[in-house]
**Q** 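This structure is in structure tokens; I'll ask about it shortly.
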Amino acid sequence: MRVTVFGSGYVGLVTGVCLAEVGNDVLCIDVDETKIANLKRGIVPIFEPGLDEMVKDNLRAGRLKFTTNVLEAVEHGVFQFIAVGTPPDEDGAADLQYVLAVAKSIAENMHEYRVIVDKSTVPVGTADRVKEVIEQVQDARVVDIPYDVVSNPEFLKEGAAIDDFMKPDRIIIGTDNPKAEKLLKALYAPFNRSHERIITMDVRSAELTKYAANAMLATKISFMNELANLAERLGADIEHVRNGIGSDTRIGYSFIYPGCGYGGSCFPKDVKALERTAQQMGYQAELLNAVENVNNRQKQVLFTKVSAHYQGDLQGKTFAMWGLAFKPKTDDMREAPSRVILETLIAAGANVRAYDPEAMAEARRIYGDKPGLTLTDTAEEALTGANALLVVTEWKNFWSPDFDLIKNTLKDGVIFDGRNLYEPELLKEMGLTYYGIGRP
Ligand SMILES: NC(=O)c1ccc[n+]([C@@H]2O[C@H](COP(=O)([O-])OP(=O)(O)OC[C@H]3O[C@@H](n4cnc5c(N)ncnc54)[C@H](O)[C@@H]3O)[C@@H](O)[C@H]2O)c1
């Protein structure tokens, strides 16, 4: 089948390459000319396990192509996927300007039936707005070309995006149109072979399902962070509590890790956007509001511990920071807790020596030559000349470091573990001072 994907970021690129992998003829379009020029040469702008190889393979096989030409893109696919960004606007609502711009481009250039598939995370009612844009353009063009707008939210996780797309837990198709449903089901058939994964529903429910999923996961994290802060004050260990409740199958072990806050391009903005949607409907979403507030506060927890340890005097102190990406296996630093922590430390007069296995180029892009910040080539190098170490992202290669080296290199022998990677007792026995999250 012929497929066009608007937006060649995390979602667009993964969608395009996975649909090409199973044999479709895919054309990906982006407004970023440099990105497209690189992708045409097989250079992938993001770090995502397995993606690089798959892009190269499918380019070579001729099933995957890239362009910046809108007319070519709209002519190409019966399916026109929208996978552009929906960042928060100034009051937290999802900014739909990119989605609606794509809708307009499609409407201006289409000549025959098209299924417009919204994969971006968009507020309930967006499909109707996309239709309005198309109708307006059709009226101006004095044409009446048939089309359908379908909601098909994406649930991939950065770091496991290819696997999530190839073997999804579910494929949501939001439509009330049997023709569009049939086409989408045929397109997704290769990903639906072992058991039924497709769930069809009306468009509005599909749009809300995506926000509901992210808000639920964010709620689990904020709940555990709230409990961790309480455990700390009560002399309990949140890690025991986590095991104690995770063993209950009604609760489960996933997404109940306490830490220094959630980040990334989805949870923060989606919780905010859902809160705004509620507000626009005259409903006060108390829980969502609390989830966001708890998370914002949690991003400060590590700094508060550092500041308390040094009695508020951070002037001239140097801190090693392990981890900049918002989670392991990605180089994405959008809304990452690391950013709040390093910026707050530097604002308090401290220096930060930071290392991340994948996000160094991204950190360089964001911070350039920011005074007070040194980006190092290795984790060990970050320790050089530092008073203490902060662990911010739970990359596997930080799980079992050389504690002797850490102890001998750090001036004050202190570890602030924002992800509870280490055993407090073991480190204390080694003579290191240890601070975790929610641990006595
Ligand atoms: N990143 C994730 O893990 C994830 C997971 C599920 C859903 N989503 C949602 O998917 C959407 C896209 O997210 P992302 O992380 O891929 O974003 P991204 O910022 O990585 O990529 C968006 C791309 O769209 C391009 N673009 C903007 N306007 C365009 C236009 N008019 N025509 C063509 N391209 C255009 C941009 O240049 C950019 O390359 C968002 O709504 C997001 O919430 C993201």
Side-chain angles (χ1 to χ4, degrees), residues 4-18 27-39 44-49 51 66-74 76-77 80-89 93-109 116-123 126 130 133 151-165 168-172 206-207 209-215 217-218 262-274 325-327 329-336 362:
T4 294
V5 184
F6 279 83
S8 304
Y10 280 90
V11 170
L13 198 52
V14 170
T15 301
V17 80
C18 290
L27 180 63
C28 290
I29 174 168
D30 202 287
V31 286
D32 184 335
E33 292 188 5
T34 315
K35 192 180 267 189
I36 291 298
N38 282 332
L39 282 166
V44 176
I46 48 172
F47 171 75
E48 182 59 48
L51 182 62
F66 293 96
T67 188
T68 53
N69 184 309
V70 177
L71 178 62
E72 186 191 351
V74 179
H76 180 83
Q80 300 276 313
F81 277 85
I82 305 181
V84 297
T86 46
D89 66 13
D95 183 350
L96 290 178
Q97 64 167 307
Y98 307 105
V99 169
L100 298 179
V102 172
K104 188 160 177 267
S105 298
I106 296 171
E108 284 168 349
N109 292 286
I116 298 152
V117 188
D118 193 355
K119 218 171 214 336
S120 296
T121 302
V122 290
T126 301
V130 166
V133 169
S151 167
N152 170 225
E154 182 51 55
F155 296 91
L156 63 79
K157 298 182 285 296
E158 287 179 20
I162 302 282
D163 244 25
D164 285 347
F165 197 99
D169 291 337
R170 70 320 211 173
I171 299 160
I172 304 270
E207 288 171 335
T209 300
K210 173 64 194 179
Y211 281 103
N214 278 357
L217 296 172
Y262 62 74
S265 67
C266 293
F267 290 1
K269 87 168 168 62
D270 291 349
V271 169
K272 236 181 265 162
L274 190 54
F326 84 93
K327 67 172 182 178
K329 295 195 199 163
T330 180
D331 61 355
D332 198 337
M333 285 180 62
R334 288 179 280 187
E335 306 255 4
E362 182 61 3

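One-based numbering, in listed order, for ligands and for the atoms of each.
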**Q** Ignoring hydrogens, just give me the one of T86, T68, V70 whose non-hydrogen atom is nearest atom 40 (C) of ligand 1.
**A**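 Considering heavy atoms of T86, T68, V70, the nearest to atom 40 (C) of ligand 1 sits in T86.
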**Q** Any N/O of Y10 closer than 3.5 Å to an N/O of ligand 1?
**A**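 Yes: some nitrogen or oxygen of Y10 is under 3.5 Å from one in ligand 1.
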**Q** What closest approach, in Å, do V11 and A83 show between heavy atoms, and which atom pair accounts for it?
**A** CG1-CB, 4.0 Å
**Q** Considering A94, G9, G85, A161 one by one, which has a heavy atom nearer to atom 21 (O) of ligand 1 than any of the others?
**A**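 The option holding the nearest heavy atom is G9.
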**Q** With a 4.0 Å cut-off on heavy atoms, is R334 in contact with ligand 1?
**A** yes
**Q** Looking only at protein heavy atoms, identify the closest one to atom 1 (N) of ligand 1 and say how far it is in Å.
**A** E158 OE2, 2.8 Å
**Q** Within a reach of under 6.0 Å around CZ of F155, are more than 12 heavy atoms found that belong to other residues, nucleotides or ligands?
**A** yes
**Q** Just let me know how D332 lines up against ligand 1, side chain, backbone, both or neither, with a heavy-atom cut-off below 4.0 Å.
**A**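 Neither part.
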**Q** Show, in sequence, the C-alpha distance, side-chain angles and deciding distance for D270 and L274, and conclude whether the side-chain contact (heavy atoms from CB on, under 4.5 Å) test is met.
**A** CA-CA 6 Å; D270 291 349; L274 190 54; over 6 Å; no
**Q** Which atoms of ligand 1 sit under 4.0 Å from any heavy atom of A83?
**A**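 Answer for ligand 1: 12 (C).
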**Q** Heavy-atom distances under 4.0 Å decide this one: backbone, side chain, both or neither, for S105 against ligand 1?
**A**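 Near ligand 1, S105 shows nothing, with every heavy atom at 4.0 Å or more.
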**Q** Between the main-chain N or O of V122 and the side-chain N or O of S120, is there a donor-acceptor pair closer than 3.5 Å?
**A**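 Not confirmed, S120 side chain does not pair with V122 backbone.
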**Q** Should you measure from each heavy atom of K35, which atoms of ligand 1 turn up under 4.0 Å away?
**A** 38 (C), 39 (O)
**Q** Does atom NZ (K119) have a neighbourhood of more than 12 heavy atoms from anything else shown, all under 6.0 Å?
**A** yes
**Q** Below 3.5 Å, N or O to N or O, backbone or side chain included: is there any such pair between V11 and ligand 1?
**A** yes
**Q** For ligand 1, find out whether one of its N or O atoms is nearer than 3.5 Å to an N or O atom of D30.
**A**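 Indeed, backbone or side chain, D30 has an N or O that close.
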**Q** For ligand 1, which atoms, with element, lie under 4.0 Å from some heavy atom of E154?
**A** 6 (C), 7 (C)
**Q** What protein heavy atom sits nearest atom 32 (N) of ligand 1, and how far away is it?
**A**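 Result for atom 32 (N) of ligand 1: V31 CG1, 3.6 Å.
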**Q** Give the contacting part of K210 toward ligand 1: side chain, backbone, both or neither, where contact means a heavy-atom distance below 4.0 Å.
**A**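 It is the side chain that touches ligand 1; the backbone stays farther off.
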**Q** Using a 3.5 Å distance criterion without hydrogens, assess whether the side chain of T4 forms a donor-acceptor pair with backbone atoms of A73.
**A** yes
**Q** Got the closest protein heavy atom to atom 9 (C) of ligand 1, with its distance?
**A**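 Here the nearest protein heavy atom works out to T121 OG1, 3.4 Å.
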**Q** Test V17 against every option in V44, V5, L51 by the side-chain contact (heavy atoms from CB on, under 4.5 Å) rule and name the one that passes.
**A** L51
**Q** Ignoring angles and geometry beyond distance, decide whether K269 reaches within less than 3.5 Å of ligand 1 through its nitrogen or oxygen atoms.
**A**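 In this structure, K269 places an N or O atom under 3.5 Å from an N or O of ligand 1.
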**Q** Any chance you could measure I36, atom CD1, to I29, atom CD1, to the nearest 0.5 Å?
**A** 7.5 Å
**Q** What atoms of ligand 1 come closer than 4.0 angstrom to any heavy atom of V102?
**A** 30 (C), 31 (N), 32 (N)
**Q** How far is atom 24 (O) of ligand 1 from its nearest protein heavy atom, and which residue and atom is that?
**A** G7 CA, 3.4 Å
**Q** Could you walk me through whether L13 and F66 pass the side-chain contact (heavy atoms from CB on, under 4.5 Å) check?
**A** CA-CA 10 Å; L13 198 52; F66 293 96; 3.7 Å; yes
**Q** Atom 5 (C) of ligand 1: which protein heavy atom is closest, and how many Å away?
**A** L156 O, 3.6 Å
**Q** Of the options K327, E158, E362, which is the one that meets D332 in a side-chain contact (heavy atoms from CB on, under 4.5 Å)?
**A**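 Testing each of K327, E158, E362 against D332, the sole residue satisfying side-chain contact (heavy atoms from CB on, under 4.5 Å) is E158.
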**Q** Can you tell which part of S265 has a heavy atom less than 4.0 Å from ligand 1: side chain, backbone, both or neither?
**A**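 Answer for S265: side chain.
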**Q** Within the distance-only criterion (no hydrogens, no angle test), does the side chain of T86 pair as donor or acceptor with the backbone N or O of T121 below 3.5 angstrom?
**A** yes
**Q** Can a donor-acceptor pair be found, under 3.5 Å and without considering hydrogens, that links the side chain of E48 to the backbone of A161?
**A**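 Here the side-chain-to-backbone pair exists.
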**Q** Without swapping roles, check the side chain of N152 against the backbone of V117 for a donor-acceptor pair under 3.5 Å.
**A**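 No, because the side chain of N152 does not come within donor-acceptor range (under 3.5 Å) of the backbone of V117.
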**Q** If you take the nearest heavy atom of each of T34, V84, T15, which one is closest to atom 11 (C) of ligand 1?
**A** V84
